[in-house]
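Heads up: numbering here begins at 1 and tracks the sequence. If you're wondering where the values come from, they're calculated on a predicted model, not measured in any experiment. Just so you know, these numbers use all the heavy atoms, side chains as well, and skip hydrogens, waters and symmetry mates.
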Amino acid sequence: MKKQTMMIILLVLLAVFALYWFKFRNKGNGEGDGGVKQQALTLKKHSEKFNNSVTAAMDAYFEAKDDFVEADTTKAKTSIRKFIILMDSIPVDELKKDTAGIYETAVSNADNVKMNAESLLKQTSIKEMRMDFRGISDALFPSFFKAINYEGRKIYLQNCPMAFGDNNDANWISSTYEIFNPYLGKHDSLYKAAMVGCGSVKDSIFVK
């Protein structure tokens, strides 16, 4: 009788253990007990064509930045013309499959970028061109890059606190951490090349 009682207790314990294990396993999956399975967050990836198009456009932007460092307005306009064409070639229609509003935001930001770029082409003075270059830069970083969920190489947002005089700063984007100021440059009428390194890194963006 004693042996039979012990056997019953053992079976009960095994049953309790099995029930506990089953519930614990399902809890870990977010299922069972009426729970709803939590969906894992997924990173949205663009096509290679999309990312290559963004990279090509930014390469043209960086060329224009270097042209301003050298104070070469002719080359700067050539680079900006190329930049506009490459911005238009980005297949933003891919973003229509993304979260609602992303496509519209990206298109609006891209239009703002191109509006400043087209204004730059109409300018005759390097100061006015540089002011439009500031507008291009501000429209790109962070607005456009965040809207498209930028997936390119690491880039840096840099700032000169005296780009257009005291307390009149300007941002630009660089592919390198080192400062090459496109607003004062190597041939400034007042500072010559002394201020080409003037500025600081404010932010960066890259794929983690």
* Structure fact -> Note: Cys160 and Leu184 closest approach over all heavy atoms is SG-CD1, 4.0 Å
* To do: Using side chain to side chain donor-acceptor pair (under 3.5 Å) as the criterion, list what pairs up with Glu128, not counting sequence neighbours.
  => none
* Should the pair Asp59-Arg153 be classified as a salt bridge under the 4.0 Å nitrogen-to-oxygen rule? -> yes
* Asked: Hey, are Gln158 and Ser200 close enough side-chain-wise for a donor-acceptor pair under 3.5 Å?
  -> no
* About how many Å separate CG of Asn112 and OG of Ser143, when rounded to the nearest 0.5 Å? -> 8.0 Å
* Structure fact -> Residues at least two apart in sequence or cross-chain that pass side chain to side chain donor-acceptor pair (under 3.5 Å) with Asn51, listed by chain then number, are Glu151
* Structure fact -> Heavy-atom closest pair (Gln123 atom, Lys77 atom, distance to 0.1 Å) is O-NZ, 2.6 Å
* Can Phe144 be reached from Phe62 by stepping across I, L, V, M, F, W or Y side chains whose heavy atoms are under 4.5 Å apart? -> yes
* To do: Could you give me the CA-CA distance, side-chain angles and deciding distance for Ile205 and Tyr156, then say whether side-chain contact (heavy atoms from CB on, under 4.5 Å) is met?
  => CA-CA 7 Å; Ile205 186 170; Tyr156 302 89; over 6 Å; no
* Check Pro182 against Arg130 and note the closest heavy-atom contact, atom names and distance. => O-NE, 2.8 Å
* To do: Show your working on side chain to side chain donor-acceptor pair (under 3.5 Å) between Ser79 and Asp67 and close with a plain yes or no.
  => CA-CA 8 Å; Ser79 297; Asp67 295 334; 2.7 Å; yes
* Tell me yes or no: between the side chains of Ser119 and Asp132, is some donor less than 3.5 Å from an acceptor? => yes
* Asked: Would you say Tyr191 and Lys186 make side-chain contact, with heavy atoms under 4.5 Å?
  -> no
* To do: Measure the NZ-CZ distance between Lys65 and Phe180 for me, rounded to the nearest 0.5 Å.
  => 7.0 Å
* Asked: Is any side-chain heavy atom of Leu157 less than 4.5 Å from a side-chain heavy atom of Val201?
  -> no
* To do: Any chance you could measure Glu104, atom CD, to Lys96, atom NZ, to the nearest 0.5 Å?
  => 8.5 Å
* Heavy-atom pair with the smallest gap, counting every atom of Met58 and Ile173 -> CE-CG2, 4.2 Å
* Asked: What pairs with Asn52 under side chain to side chain donor-acceptor pair (under 3.5 Å), at least two apart in sequence or on another chain?
  -> none
* To do: Before giving the answer on side-chain contact (heavy atoms from CB on, under 4.5 Å), spell out for Asn109 and Thr105 the whole-Å C-alpha distance, their side-chain angles and the decisive distance to 0.1 Å.
  => CA-CA 6 Å; Asn109 289 332; Thr105 301; 3.6 Å; yes
* Shared hydrophobic cluster, Ile136 / Val107 (ILVMFWY, side-chain heavy atoms < 4.5 Å) -> yes
* Asked: What is the minimum heavy-atom distance between Asn149 and His46, and which atoms define it?
  -> O-NE2, 3.4 Å
* Using the test side chain to side chain donor-acceptor pair (under 3.5 Å), find all partners of Asp169 that sit at least two apart in sequence or belong to another chain. => Asn159
* Asked: Measuring from Ser204:OG to Lys154:NZ, what's the distance to the nearest 0.5 Å?
  -> 4.5 Å
* Asked: Which value, rounded to the nearest 0.5 Å, describes the distance between Leu121 atom CG and Asn116 atom CG?
  -> 11.0 Å
Extract all donor-acceptor atom pairs below 3.5 Å that involve side chains of residues 80-92 and protein atoms in other chains or at least two apart in sequence.
| unit_1 | atom_1 | unit_2 | atom_2 | d |
| --- | --- | --- | --- | --- |
| Lys82 | NZ | Glu63 | OE1 | 2.9 |
| Lys82 | NZ | Glu63 | OE2 | 3.3 |
| Asp88 | OD1 | Lys114 | NZ | 2.5 |
| Ser89 | OG | Leu86 | O | 2.7 |

* To do: Determine, step by step, whether Phe133 and Tyr61 satisfy the ring pair (Phe, Tyr, Trp, His ring centres under 6.0 Å) criterion, reporting the C-alpha distance in whole Å, the side-chain angles of both residues, the deciding distance to 0.1 Å, and the verdict.
  => CA-CA 9 Å; Phe133 185 72; Tyr61 170 94; 4.9 Å; yes
* Asp93, CG: over 12 other non-hydrogen atoms inside 6.0 angstrom -> yes
* Asked: What are the two closest heavy atoms between Asn171 and Ser137, and how far apart are they?
  -> O-CB, 3.6 Å
* Glu70 with Lys75: basic N within carboxylate O range, under 4.0 Å -> no
* Within one Ile-Leu-Val-Met-Phe-Trp-Tyr cluster: Ile126 and Val196, side-chain cutoff 4.5 Å -> no
* Shared ILVMFWY cluster between Phe164 and Phe68, side chains joined below 4.5 angstrom? -> yes
* Write out all pairs satisfying side chain to side chain donor-acceptor pair (under 3.5 Å) with one or both partners inside residues 176-185, taking only residues at least two apart or from two chains. => Ser174-Thr176
* Cluster overlap Phe141 with Met131, hydrophobic side-chain contacts below 4.5 Å -> yes
